[in-house]
Amino acid sequence: FSVPKAPLYNWGESVEITPIEYLEYTGFMKERGLNIDLDVSTYLQDCMKRIPEPINIVCYHLLKKAGVKKVSLKMVDENIIEIVQNRRGRPQEFLSTLTYSQARFLEVLGKHGVIKKITAKQVQREARLTSPGILKIVAHFEDMGVIYKGDKGYEIADPFLELHLRRYGI
């Protein structure tokens, strides 16, 4: 609705979905049988960018693995790594649809996590792209919902894609 040439441009109302509070989400996890403390839950939620679907995937995986045992930070990290390994096909399939320049840029963004100034010389050097090339790729990825600009800068929307790029590259 925000793309000027889109059929329903400027129609309707913008809705912003805010992240669920840490304490509330921790209670939700505990209700479903996960033995987790607030600090571990907060860490898990931050690792998954406070996006419910990835958080729920990790929680389900932890519940299967840990059972009634208390969840530790190490268990969260191990389970996230295992999920990234088990789901390698999804990011690889997506990356195969991109041009080399697009994939290279995503890899740089994934490596940094967040980039404040997207056209900085360091980003251009690492991605081997010009400033106009980066801006074109960023606009394309924002339209697709692959990346977004948050308070800290630009970042990849899917935490599993970002972790895949950090671990395996393109």
Side-chain angles (χ1 to χ4, degrees), residues 15-98 100 102-118 120 122-123 126-127 137-138 140-170:
V15 177
E16 184 176 334
I17 300 172
T18 57
I20 299 169
E21 293 297 321
Y22 290 113
L23 191 59
E24 187 178 342
Y25 216 123
T26 303
F28 175 79
M29 292 174 190
K30 288 181 177 185
E31 284 174 13
R32 277 140 189 85
L34 204 57
N35 188 356
I36 192 165
D37 290 331
L38 179 61
D39 60 328
V40 178
S41 170
T42 301
Y43 174 74
L44 186 160
Q45 291 175 60
D46 288 341
C47 285
M48 296 293 107
K49 301 182 180 192
R50 299 184 74 186
I51 303 170
E53 183 182 3
I55 293 169
N56 291 343
I57 290 169
V58 174
C59 287
Y60 174 74
H61 204 266
L62 280 167
L63 198 53
K64 279 183 13 185
K65 291 277 184 177
V68 294
K69 289 192 295 189
K70 186 170 257 349
V71 177
S72 66
L73 294 174
K74 182 180 178 191
M75 290 170 73
V76 170
D77 286 336
E78 288 170 353
N79 278 275
I80 290 173
I81 289 169
E82 191 174 327
I83 291 167
V84 170
Q85 287 173 341
N86 292 343
R87 296 169 58 105
R88 277 183 73 181
R90 291 176 188 201
Q92 287 173 339
E93 183 180 331
F94 168 70
L95 292 169
S96 72
T97 66
L98 304 177
Y100 176 76
Q102 290 171 331
R104 182 79 188 117
F105 173 76
L106 260 189
E107 184 177 37
V108 171
L109 185 55
K111 183 177 109 181
H112 288 279
V114 177
I115 298 178
K116 186 146 188 85
K117 185 153 172 43
I118 208 74
Q122 180 184 357
V123 177
E126 287 182 44
I137 290 169
V138 166
H140 176 71
F141 282 153
E142 281 184 309
D143 287 345
M144 290 176 53
V146 175
I147 67 172
Y148 67 95
K149 185 174 184 180
D151 296 336
K152 298 176 187 172
Y154 287 90
E155 57 185 299
I156 296 173
D158 180 359
F160 291 128
L161 175 60
E162 183 178 314
L163 292 168
H164 174 88
L165 288 167
R166 281 190 191 158
R167 190 168 180 86
Y168 302 109
I170 54 174

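Bear in mind the structure is a predicted one, so any value in this text is a computation, not a measurement. As a basis for the values below, the full set of heavy atoms in this structure was taken, side chains included, without hydrogen atoms, waters or symmetry mates.
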Checklist entry - Should F94 and M144 be marked as a side chain to side chain contact (heavy atoms under 4.5 Å, CB included) after you check the CA-CA gap, both sets of side-chain angles, and the distance that decides it? => result CA-CA 12 Å; F94 168 70; M144 290 176 53; 3.8 Å; yes
Item to check | Stepwise salt bridge (Lys or Arg N to Asp or Glu O under 4.0 Å) check, E78 with K65 | outcome: CA-CA 11 Å; E78 288 170 353; K65 291 277 184 177; over 6 Å; no
Next on the checklist: Please determine whether side chain to side chain contact (heavy atoms under 4.5 Å, CB included) holds for the pair I118 and F105, giving the CA-CA distance in whole Å, both sets of side-chain angles, and the decisive distance to 0.1 Å.
Outcome noted: CA-CA 10 Å; I118 208 74; F105 173 76; 3.6 Å; yes
Checklist entry - Could you go step by step and tell me if N35 and K30 meet the side chain to side chain contact (heavy atoms under 4.5 Å, CB included) rule? => result CA-CA 6 Å; N35 188 356; K30 288 181 177 185; 5.9 Å; no
Next on the checklist: Between E155 and Y148, is the side chain to side chain contact (heavy atoms under 4.5 Å, CB included) condition met? List the steps.
Outcome noted: CA-CA 6 Å; E155 57 185 299; Y148 67 95; 3.2 Å; yes
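A donor-acceptor contact closer than 3.5 angstrom links the side chains of N56 and Y25.
Contact between S41 and T26 at its shortest, heavy atoms only, is OG-OG1, 2.7 Å. The nearest pair of heavy atoms linking I83 to F160 is CG2-CE2, 3.6 Å. Taking each heavy atom of L161 and P91 in turn, the nearest pair found is CD1-CB, 3.8 Å. Shown here for V114 and K152, the closest heavy-atom pair between the two residues is CG1-O, 3.5 Å. Here the shortest heavy-atom pairing between H61 and N86 reads NE2-ND2, 4.2 Å. Here the closest heavy-atom approach between residue I51 and residue A157 is recorded as CD1-O, 3.2 Å.
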Sequence neighbours excluded and cut-off under 3.5 Å, please list the side-chain donor-acceptor pairs for residues 163-170, or say none.
residue, atom, partner, partner atom, Å
R166, NE, G110, O, 2.9
R166, NH2, E162, OE2, 2.6

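With sequence neighbours excluded, no residue forms a side chain to side chain contact (heavy atoms under 4.5 Å, CB included) with K116.
Just one residue in the list V40, D39, D46 forms a side-chain contact (heavy atoms from CB on, under 4.5 Å) with T42, and that residue is D46.
The line from CD1 of I115 to CD of Q122 is 8.0 Å long, rounded to the nearest 0.5 Å. Atom CD of Q45 is separated from atom CD1 of I20 by 8.0 Å, given to the nearest 0.5 angstrom. Atom CG of L73 and atom CG of D37 lie 9.5 Å apart (nearest 0.5 Å).
Looking only at side-chain heavy atoms (C-beta outward), M29 and V71 stay at 4.5 Å or farther from each other.
More than 12 non-hydrogen atoms from other residues, nucleotides or ligands lie less than 6.0 angstrom from CD of Q92. Annotation: K70, atom NZ; neighbour count of heavy atoms from other residues, nucleotides and ligands within 6.0 Å is above 12. Enclosure of atom CD in E21 is not indicated, since only 12 or fewer non-hydrogen atoms of other residues, nucleotides or ligands lie within 6.0 angstrom. With a 6.0 Å radius and a threshold of 12 heavy atoms from other residues, nucleotides or ligands, L23 has its CG atom at or below the threshold.
In this structure, R50 is positioned above the aromatic face of Y22, its NZ or CZ under 6.0 Å from the six-membered ring centre and within 45° of the axis.
For R104 (side chain) and E126 (main-chain N/O), a donor-acceptor pair under 3.5 Å exists by modelled atom type. Under the 3.5 Å distance criterion, the side-chain polar atoms of K49 are matched with a main-chain donor or acceptor of I156.
Taking 4.0 Å as the cut-off between side-chain N and carboxylate O, R90 and E93 do not count as a salt-bridged pair.
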